[in-house]
Amino acid sequence: MSIQSTPKQSWWNRIAHPGQFVAWSAPWLWPLAVLTALLFAMGLWLAFIDSPQDYQMGHTVRIMYVHVPNAWLSQFVYGVMALSALGTLVWRHPMADVSMKAAAPLGALFTALALFTGALWGRPTWGTFWEWDGRMTSTLVLLFIYLGIIALWRAFDDQLRAARIVAVFTLVGAINIPIIKFSVDWWSTLHQPASVFRADGPRMPPSILAPLFVMFAAFTLLFLALHLKSMHTEIKRRRIATLQRKAAQGHTA
Amino acid sequence: MIELGPHAAFIIWAYLGVALAVAGLVGWTLLDARRTARKLALLETRRARK
Amino acid sequence: MSGFVAMLRRELALSWRGGGNVLTLVLFFVITGAIVPFAVGPDKPLLARIAPAIIWIAAFLAMLLGLDRLFRPDHEDGSLILLRQADLPLSAVIAAKVISYWLVSALPLILASPLLAVLLGMDLPAFARTLVSLLLGTPALAAFGAIGAATSVTIRHGGLIAPILIAPLSIPVLIFGVGTITAAQSSAAPLFLAALSLMAMALAPFAAALAISLAED
Amino acid sequence: MSGFVAMLRRELALSWRGGGNVLTLVLFFVITGAIVPFAVGPDKPLLARIAPAIIWIAAFLAMLLGLDRLFRPDHEDGSLILLRQADLPLSAVIAAKVISYWLVSALPLILASPLLAVLLGMDLPAFARTLVSLLLGTPALAAFGAIGAATSVTIRHGGLIAPILIAPLSIPVLIFGVGTITAAQSSAAPLFLAALSLMAMALAPFAAALAISLAED
Amino acid sequence: MTDRHVFPPLAMYAEGLACGRAGMALCQDLNFSVLSGQCLLLRGPNGTGKTTLLLTLAGIVPPLAGSWTAQGPQDEPAPVHYCGHRNAIKPRLTVLENLLFWRQVNGATGVSAEAALVEVGLGGLEDLDAGYLSAGQGRRLALARLRVSLRPLWLLDEPTAALDVEGHGLVTRLIEGHLRMGGLVIVATHDPIHLSHPAPVQTLTLENRA
Amino acid sequence: MTDRHVFPPLAMYAEGLACGRAGMALCQDLNFSVLSGQCLLLRGPNGTGKTTLLLTLAGIVPPLAGSWTAQGPQDEPAPVHYCGHRNAIKPRLTVLENLLFWRQVNGATGVSAEAALVEVGLGGLEDLDAGYLSAGQGRRLALARLRVSLRPLWLLDEPTAALDVEGHGLVTRLIEGHLRMGGLVIVATHDPIHLSHPAPVQTLTLENRA
Ligand code: HEM
Ligand SMILES: Nc1ncnc2c1ncn2[C@@H]1O[C@H](COP(=O)(O)OP(=O)(O)OP(=O)(O)O)[C@@H](O)[C@H]1O
Ligand SMILES: Nc1ncnc2c1ncn2[C@@H]1O[C@H](COP(=O)(O)OP(=O)(O)OP(=O)(O)O)[C@@H](O)[C@H]1O
Ligand SMILES: [Mg+2]
Ligand SMILES: [Mg+2]
């Protein structure tokens with residue numbers, strides 16, 4: 001039996017230090033970026049060249065390849081944020097609040113894009129840009145929540161201090177989002193007979209599924225890459241704030 | 001150029017919008033990273049000088 | 001317990017004397033409701049149709065906008081630090097605040113709602129249901145609101161942040177509130193509304209206390 | 001003149017950095033507009049019918065509620081006393097504040113209005129008229145608002161007093177604003193709106209300066 | 001000082017305490033122990049972290065490193081009272097109402113609110129709205145709160161700010177009385193404080209780290 | 001003090017001045033005249049109306065009776081600068097931006113904002129957000145504003161509040177420099193102020209009206 005004299009640092013502890021986190025994760029950035037670009041190229045090729053039009057929706061089905069990944073990310077990113085919030089409050093991981101902050105604008109943008117592409121899809125298929133359909137409406141509310149969180153971050157003078165408070169709010173939001181989703185569904189079905197847009201949708205043939213999944217992967221990797229990069233930037237920004245404040249004391253008379 | 005049917009405009013706008021937004025996001029992320037890095041470097045050297 | 005009562009008494013005294021706050025909020029509620037006809041035009045059936053919506057939106061906005069004075073004055077004059085060190089647990093302090101907030105904002109607003117009902121030409125049964133829905137729903141708004149107010153308390157002049165944070169989260173209250181008024185009698189909306197209020201009132205003091213105790217000065 | 005420019009620059013810098021104020025106000029506008037359907041129900045023709053009213057009321061409320069930060073921060077941190085003693089006349093100080101308030105509140109709100117227009121199912125011509133009416137009418141709201149804010153600046157935590165004072169005064173703006181959108185092309189509403197704005201912008205700085213210089217500390 | 005109530009023995013220890021703002025240390029490696037009946041004076045130029053240290057000890061600002069304990073009799077944390085730059089006074093309540101509220105919320109001492117007001121020189125102003133107090137009078141009201149709250153541990157941040165000469169004496173008297181009752185005082189101030197028994201006073205000077 | 005600019009002769013007269021709050025007189029029948037290069041010290045216990053008197057002279061609170069004039073060279077009123085309890089600092093602007101703004105709005109003196117910051121001991125903090133300043137540092141920034149504003153007449157309300165010992169010296173230096181340039185200072189304070197030439201100092205003590 002051997003006893004390790006120096007306890008081996010787990011990756012969890014290693015990335016707990018901002019500098020080490022950057023050092024540990026920086027090598028991932030380029031491969032991620034390249035892979036993302038490749039996937040996008042492939043996805044676009046599949047989406048435009050190599051896939052047929054849908055028998056019902058015609059060519060507009062191609063909007064789906066950007067709409068659905070964005071819609072998925074809009075929810076996934078909130079999950080990332082909620083998990084980071086837990087990390088901030090419960091495990092007190094120093095990188096968790098950086099992750100939480102970096103994710104918010106990304107999530108907001110993906111949500112906005114889901115709405116945008118959905119609206120452009122709605123016009124040719126239902127003849128309107130916007131319908132108060134349950135799913136669309138709850139996506140809109142999600143966008144408001146994202147924007148509220150961003151406004152909250154920006155409103156704090158001191159980002160380090162803001163983190164745990166924003167985390168509390170993010171978690172409250174995470175509990176509330178299912179309630180919102182349920183109530184919005186209830187609301188729109190109460191007033192409207194079956195929506196034009198059925199939840200299950202038509203069963204999709206593989207020729208549609210393939211580009212969908214590739215785009216899916218591409219957008220997810222895009223998120224991961226951007227998330228990592230903004231985390232690095234955020235770490236540097238905090239270092240700047242610290243240095244500036246250090247100057248504050250060094251110079252007092 | 002491939003056929004996109006009667007609703008080509010919507011498809012193109014959708015992809016264009018997404019492309020612009022993603023490009024903007026990537027650009028802004030990189031710009032922000034560069035700006036922050038430069039500012040940090042400036043501060044570090046200023047500190048080192050003292 | 002005597003601390004809790006003292007807290008409650010203080011909050012009520014403060015909002016009662018504090019610059020006619022109660023009156024202000026009621027006026028805001030009435031004015032918001034009353035300007036709608038000016039904007040929509042004098043179309044009576046239309047107004048009657050949207051009257052429940054107007055009353056609820058006005059109440060919603062009034063409740064959210066009054067939030068700013070839940071913790072901010074105490075933060076700015078240094079009382080909040082002392083309250084965090086009081087014998088009373090912080091969540092009890094917050095519960096007292098939420099209860100008194102409901103008493104001085106929601107209650108007067110409910111009392112003033114007949115005025116709006118008359119202005120908007122609501123009929124009596126609909127108005128009765130409006131009253132019920134406001135009574136059931138406003139506690140949830142106050143409780144959610146406390147979380148938003150606690151979150152933004154250290155933000156200087158962050159008066160509008162809390163409403164913005166909380167409005168999306170409170171949409172279920174609005175939906176079930178209006179649902180209670182418009183939907184048929186068999187609807188489950190009042191039940192949901194009551195459940196939301198109970199849940200929010202039970203949990204919000206703890207979440208808000210957490211947010212406040214995480215705030216530095 | 002350089003003082004005026006400095007004042008303008010400072011106000012813009014403050015609202016740009018100050019707690020994401022610009023974002024907050026725009027969000028308030030959009031959220032207020034977007035929660036209406038939850039209360040009214042997803043009834044598209046009805047929503048389209050009341051869309052101009054909703055947009056104007058949301059803009060009206062957002063403009064009035066943002067007012068609180070026109071003079072209050074300066075009052076609370078003691079800057080207002082110094083501004084009263086500045087080389088620049090107080091009315092010029094206030095004019096700079098009103099202009100920058102319009103730039104950071106009304107303008108972003110106008111830019112965000114297409115979003116509401118889409119959500120509420122407005123058609124393109126109506127939306128174009130909405131833009132015009134907002135451009136013509138919001139200066140009057142900012143100017144009237146300055147008077148209300150000046151009057152209530154010494155009231156502690158009087159955040160909602162100014163909106164309540166000003167809302168009744170501003171109802172003409174609302175009426176002509178909605179009138180510009182809904183009425184036929186020959187209507188005089190846009191003219192009235194423009195006249196109101198011009199008059200208010202010209203007179204309000206003096207009235208507000210008077211109110212402030214009468215305030216004790 | 002009329003009441004002869006005496007606090008159970010307590011102590012405030014700091015070990016290797018580092019405190020600061022926003023993750024940046026202002027004072028490092030502080031070690032002190034203050035016992036019942038002792039007073040710790042914090043001194044140092046502007047911006048060296050006196051207020052930050054007091055807020056850390058009050059539990060408002062988290063410490064960066066090290067630990068501190070405010071140990072009461074049954075090993076439970078002793079309740080503190082922080083008296084800072086802001087007076088925590090509600091302008092719309094009367095002077096007496098302000099004081100009575102804190103008396104109830106903090107757990108009352110034997111001292112009545114009226115007696116405390118007389119003690120700090122605000123006798124006769126009970127029914128005045130507290131918003132009309134001058135800077136120094138407001139500070140006196142904040143000091144009166146110390147007398148009516150059952151708090152063995154006082155954290156005072158520039159208690160003499162805005163006070164006149166007589167007021168400086170008042171602060172000294174209050175501190176001495178509290179120490180005599182077995183209380184414990186940590187006070188940050190730029191003004192000289194002369195206790196009649198200088199023995200129980202320790203001084204901690206925070207330095208500018210250049 | 002680098003610049004040798006000298007203000008034109010000016011004077012502050014009060015004749016039978018009574019000032020107070022809400023119609024209630026705090027000090028009555030005040031007569032004084034302060035000329036260029038002179039300093040008036042206001043003293044008195046808490047709540048005797050020092051702040052009220054300063055605000056009256058600044059034109060913020062209307063006088064109850066009598067009159068006062070701040071006479072400039074061409075018989076026009078001389079511009080005053082009131083420096084009160086609150087520092088008029090915007091937390092989100094940097095230290096330098098705060099100062100530059102007031103320099104432009106008040107009419108600049110020959111002193112640059114950077115030089116003024118160095119003078120008050122805030123050199124090197126130009127780019128820091130002003131919200132991060134400690135109590136004493138904030139006060140120093142408020143004092144720096146005096147140096148960059150072309151104001152012959154200073155009304156200072158407890159300028160030494162929150163300042164450390166070195167800061168007291170700074171206030172004295174600032175007042176002396178201003179007097180030497182032909183300025184005029186009225187200052188209310190509880191702290192002793194020792195000017196090197198005590199000749200130009202008058203003291204006005206406000207009494208408690210029991
Ligand atoms: C602004 C409008 C829209 C929004 C906000 C929106 C939102 C969403 C969301 C959130 C999802 C993911 C659902 C999930 O993960 O369960 C989704 C999926 C999807 N959406 Fe949309 N949508 C919009 C418009 C449309 C339109 C107009 C169509 C087609 C006519 C459409 C077709 C789909 C399809 C096919 C899926 C994936 C399949 C599925 O999950 O059922 N969407 N959308
Ligand atoms: N805003 C106000 N409204 C009405 N009365 C006031 C107001 N401010 C102060 N007072 C009253 O005026 C009196 C004098 O206040 P003032 O602030 O002028 O005193 P001061 O001499 O500056 O005292 P200190 O040394 O404590 O600063 C106080 O007793 C107070 O009751
Ligand atoms: N809220 C804050 N956020 C970030 N930094 C702060 C904050 N308050 C103060 N600081 C920084 O901490 C340092 C110390 O501040 P602190 O208030 O503790 O000083 P102090 O010793 O009390 O000074 P003073 O004698 O002037 O009151 C200051 O230099 C300031 O830059
Ligand atoms: Mg301090
Ligand atoms: Mg005073």
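Numbers restart at 1 for each chain; the letters A, B, ... are given by sequence-line order, proteins then strands. None of these values were measured; they are calculated from a predicted model.
- Residues meeting the side-chain contact (heavy atoms from CB on, under 4.5 Å) test with D/V118, sequence neighbours left out: A/F129, A/W130.
- Counting heavy atoms from C-beta on, the side chains of D/T24 and A/R154 never come closer than 4.5 Å.
- The nearest pair of heavy atoms linking A/L147 to D/L23 is O-CD2, 4.5 Å.
- Residue D/I35 does not touch chain A at all, counting heavy-atom pairs closer than 4.5 Å.
- We find the CG-CG distance between A/L143 and D/L115 to be 8.0 Å, quoted to the nearest 0.5 Å.
- For the residue pair D/P42 and A/S188, the shortest heavy atom distance occurs at CG-CA, 4.4 Å.
- Using cut-offs of 30° and 60° on the angle between ring planes, the pair A/W132 and D/F38 is perpendicular.
- Residue D/G41 comes nearest to A/W187 through the heavy atom pair CA-NE1, 3.8 Å, listed as atom of the first residue, atom of the second, then distance.
- Proximity of D/L119 to A/L140: side-chain heavy atoms (C-beta onward) are separated by under 4.5 Å at one or more points.
- A/A151 and D/L27 get closest at one heavy-atom pair: CB-CD1, 4.3 Å.
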